[in-house]
Amino acid sequence: MTTPSLIPVKPEVAARTRIDSEAYARLYRESIDDNEGFWRREGQRVDWMRPYTQVKDVSFDASDLHIRWYADGQLNVSANCLDRHLEKRGDKTAIIWEPDNPADAPRHITYRQLHEEVCRFASALKAQGVGKGDRVTIYMPMVPEAAVAMLACARIGAMHSVVFGGFSPDSLASRIVDSGSRVVITADEGVRGGRAIPLKGNVDEALAQPGVDSVEKVIVVRRTGGRINWFEDRDLWYGDLIADASPDCPPEAMDAEAPLFMLYTSGSTGKPKGVLHTTGGYLVYVAMTHELVFDLREDDIFWCTADVGWITGHSYVVYGPLANGATTVMFEGVPNHPDVDRFWQVCDRHRVTILYTAPTAIRALMREGDEPVQRWRRDSIRLLGSVGEPINPEAWGWYYRVVGEERCPVVDTWWQTETGGILISPLPGATDLKPGSATRPLFGIQPALVDAEGRILEGATEGNLVLLDSWPGQMRTVYGDHQRFIDTYFKTYAGMYFTGDGCRRDEDGYYWITGRVDDVINVSGHRIGTAEVESALVAHAAVAEAAVVGFPHDIKGQGIYAFVTLTSDSQPSEDLRKELVQTVRACIGPIASPDHIQWAPGLPKTRSGKIMRRILRKIAANEHDQLGDISTLADPGVVEGLVNNRLIR
Ligand code: 6R9
């Protein structure tokens, strides 16, 4: 079965849409011609405690970089996600929680209940001395209390730093230190795919490390009741705090540019950076994009399968849907537990209308065939979304034909942790779809393609993807290292934000993201810096040098391929290979485990000693016939040895 390369907007969808293709073209033009006017109006999506008069104050010039939106306004994110819905939607379900085990009961939490719980927990945090500007680390499974913790921080003006529950104690520790968090919120254990994850134990381990000394309190949600260690003067049960705390906790008036949260993400160099988002612009942007891209309706049941540990979970499990008064599904489990039909079972069980997931999940489920999908009706679904990495047309086609039965548009949404929300995506009622293309920019967004010198390329072409102007959801800084923010994003091409992605634009002006052009590997939609994996490998005494590259992987999109040079007194062995994988898991987390480790007596280097990753990428991809020019290498002979011993054939 083939999927057409152009799928026009469906008449049924066009008939009920608020934005058709003409409206898109007109509104897009207007949003660029009068950018400030556009965002002035969009700012009205949210409720302000003090209205803004200023809208946009931006310079992308590295010597005078500043990004400020709605700067003289004040608001509170939790009030926008909760309080303002109480009158009309108090009894509407805000969160549907689907537990890991389908035999356990789901939870339905109304806006009124969520509001009360957030107020209680916010009071409890205040009673612990947490206030405006303080940092709180959230290391939680996918349970509603994770959203409660985020919203409670927002209510009192504390910044949260959510750390994905799959990260190791080492990764957690370095993020706690970098953020200087006073409080860590966690659970006794997480549950995923039937297995318990010792979250509290990991926190204990992280906090026991030397130099991790900012944390005063650890607040623990009881999820499994599993055995944990308890430190009387440090640890507190979430349940006890909630029970004793006041349900009366007025939201703090926050400046639009006050930090809302930071979220660590990998870059091409150094340790992960704390991407910082602020209050007003972020909220306006996620509310707008969540409504437009998903063509949101009052009765939608919106399911974004991302974990709250990633930006997609922040923007489209928690903040976007709740700002819009929608019903959001939080799924604790994984797509293949207890069986590979779990996603579709959940869709039927909760009458999901919009499903937003990642290509890696789609590819893994596609491999199981159509039958598990067809066990379920899926008739409630009207729209499908994809995010996290390029989706190959084959997976797109399967998603469209088999999951959506050619009834549901597929929105392939391109964005980044740094962008806060979706920047390039179809609008279901306006954009003809092309499988594999994120299509066109949303309102107010000005993408461009540039060549290596930063010259803007016109028409159908390929280049590096930049953004020529700001939007309210853009990150504002790297926490604690503003210079790194400037250097990473605004120095490569003067006056432009550089995304790190390569991209093609076709004759219809459609964008096709081709993937990272820097040293970031996108494994199952998760960003891993090659430098992080390398430093984990060289931490092992037997390793002299390591070079890590991505390679094409059928399910994960990209896998991790490591070339390792051992010290002269170490010998390659299967045990050592396993040990090295274990080292990486312990340093970073299971998501960074190398798929392949190739012993490399030498690495291809330039005469100035730089590792030529371009060559290693070709070897890892089994494209050694396309190595290109290797004459600049200090020792071209190294390459032949590596090619002969490559692991994937
Ligand atoms: C939201 C998110 C960002 C990187 C980004 C790009 C890749 C995300 C994509 C996509 C092609 C899409 N990416 N969405 N590539 N098509 N629809 O994933 O944020 O974890 O920061 O990753 O992911 O390479 O630069 P983040």
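Numbering of ligands and ligand atoms starts at 1, following listing order. Any value given below was found using the heavy atoms of this structure, including those in side chains, with hydrogens, waters and symmetry copies removed.
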Peer 1: As an exercise, identify every atom of ligand 1 less than 4.0 angstrom from a heavy atom of Val387.
Peer 2: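 Near Val387, meaning under 4.0 Å from one of its heavy atoms, ligand 1 has 1 (C).
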
Peer 1: Looking only at the side chains, is there a donor atom on one of Thr419 and Gln474 sitting less than 3.5 Å from an acceptor on the other?
Peer 2: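 Looking only at side-chain atoms, Gln474 and Thr419 do not form any donor-acceptor pair under 3.5 Å.
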
Peer 1: Distance only, no hydrogens: is a donor on one side chain within 3.5 Å (strictly under) of an acceptor on the other, for Tyr264 and Asp178?
Peer 2: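 Asp178 and Tyr264 do have a side-chain donor-acceptor pair below 3.5 Å.
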
Peer 1: Between Asn392 and Arg363, do the side chains contain a donor N or O and an acceptor N or O under 3.5 Å apart?
Peer 2: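 There is such a pair (donor and acceptor under 3.5 Å, judged by atom type) between the side chains of Arg363 and Asn392.
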
Peer 1: Under a 3.5 Å threshold, yes or no: a donor from one side chain and an acceptor from the other, between Glu418 and Tyr489?
Peer 2: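 The answer is yes; a qualifying pair exists.
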
Peer 1: Could you tell me whether Thr413 approaches ligand 1 through its side chain, its backbone, both or neither, with non-hydrogen atoms closer than 4.0 Å?
Peer 2: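 Backbone only.
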
Peer 1: Any idea which atoms of ligand 1 are less than 4.0 Å away from a heavy-atom of Ile311?
Peer 2: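 In order of number, 1 (C), 19 (O).
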
Peer 1: With atoms numbered from 1 as shown, which atoms in ligand 1 lie under 4.0 angstrom from a non-hydrogen atom of Asp501?
Peer 2: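 With Asp501 as reference, the close atoms of ligand 1 come out as 5 (C), 6 (C), 24 (O), 25 (O).
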
Peer 1: Please confirm whether His596 and Phe551 have ring centers closer than 6.0 angstrom.
Peer 2: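 Yes, the ring centres sit under 6.0 Å apart.
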
Peer 1: Tell me the nearest of Ser315, Cys503, Gly388 to atom 14 (N) of ligand 1, using heavy-atom distances.
Peer 2: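 That would be Gly388.
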
Peer 1: Report, in ascending order of atom number, the atoms of ligand 1 lying under 4.0 Å from any heavy atom of Thr417.
Peer 2: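 Counting from 1, the qualifying ligand atoms are 19 (O), 20 (O), 21 (O), 26 (P).
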
Peer 1: At under 4.0 Å between heavy atoms, which part of Arg527 makes contact with ligand 1: side chain, backbone, both or neither?
Peer 2: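 Only the side chain of Arg527 comes within reach of ligand 1.
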
Peer 1: Which ligand 1 atoms does Asp412 reach within 4.0 Å, using its non-hydrogen atoms?
Peer 2: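 That gives atoms 12 (C), 16 (N), 17 (N) of ligand 1.
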
Peer 1: Would you please say whether a donor-acceptor pair under 3.5 Å links the side chains of Tyr511 and Arg505?
Peer 2: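 Indeed, the side chains of Tyr511 and Arg505 share at least one donor-acceptor pair under 3.5 Å.
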
Peer 1: So if I count the atoms of ligand 1 from 1 in the order they appear, which ones are less than 4.0 Å from some heavy atom of Asn522?
Peer 2: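 Listed by number with element: 7 (C), 23 (O).
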
Peer 1: Check each heavy atom of Ala438 against ligand 1 and say whether those closer than 4.0 Å belong to the side chain, the backbone, both or neither.
Peer 2: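 Neither; nothing of Ala438 gets under 4.0 Å from ligand 1.
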
Peer 1: Going by the order shown, which atoms of ligand 1 are within less than 4.0 Å of some heavy atom of Thr312?
Peer 2: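 The atoms of ligand 1 under 4.0 Å from a heavy atom of Thr312 are 1 (C).
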
Peer 1: Do any N or O atoms from the side chain of Asp469 and from the backbone of Gln446 form a donor-acceptor pair under 3.5 angstrom?
Peer 2: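 No, the answer is negative, given that no donor and acceptor are paired below the 3.5 Å cut-off.
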
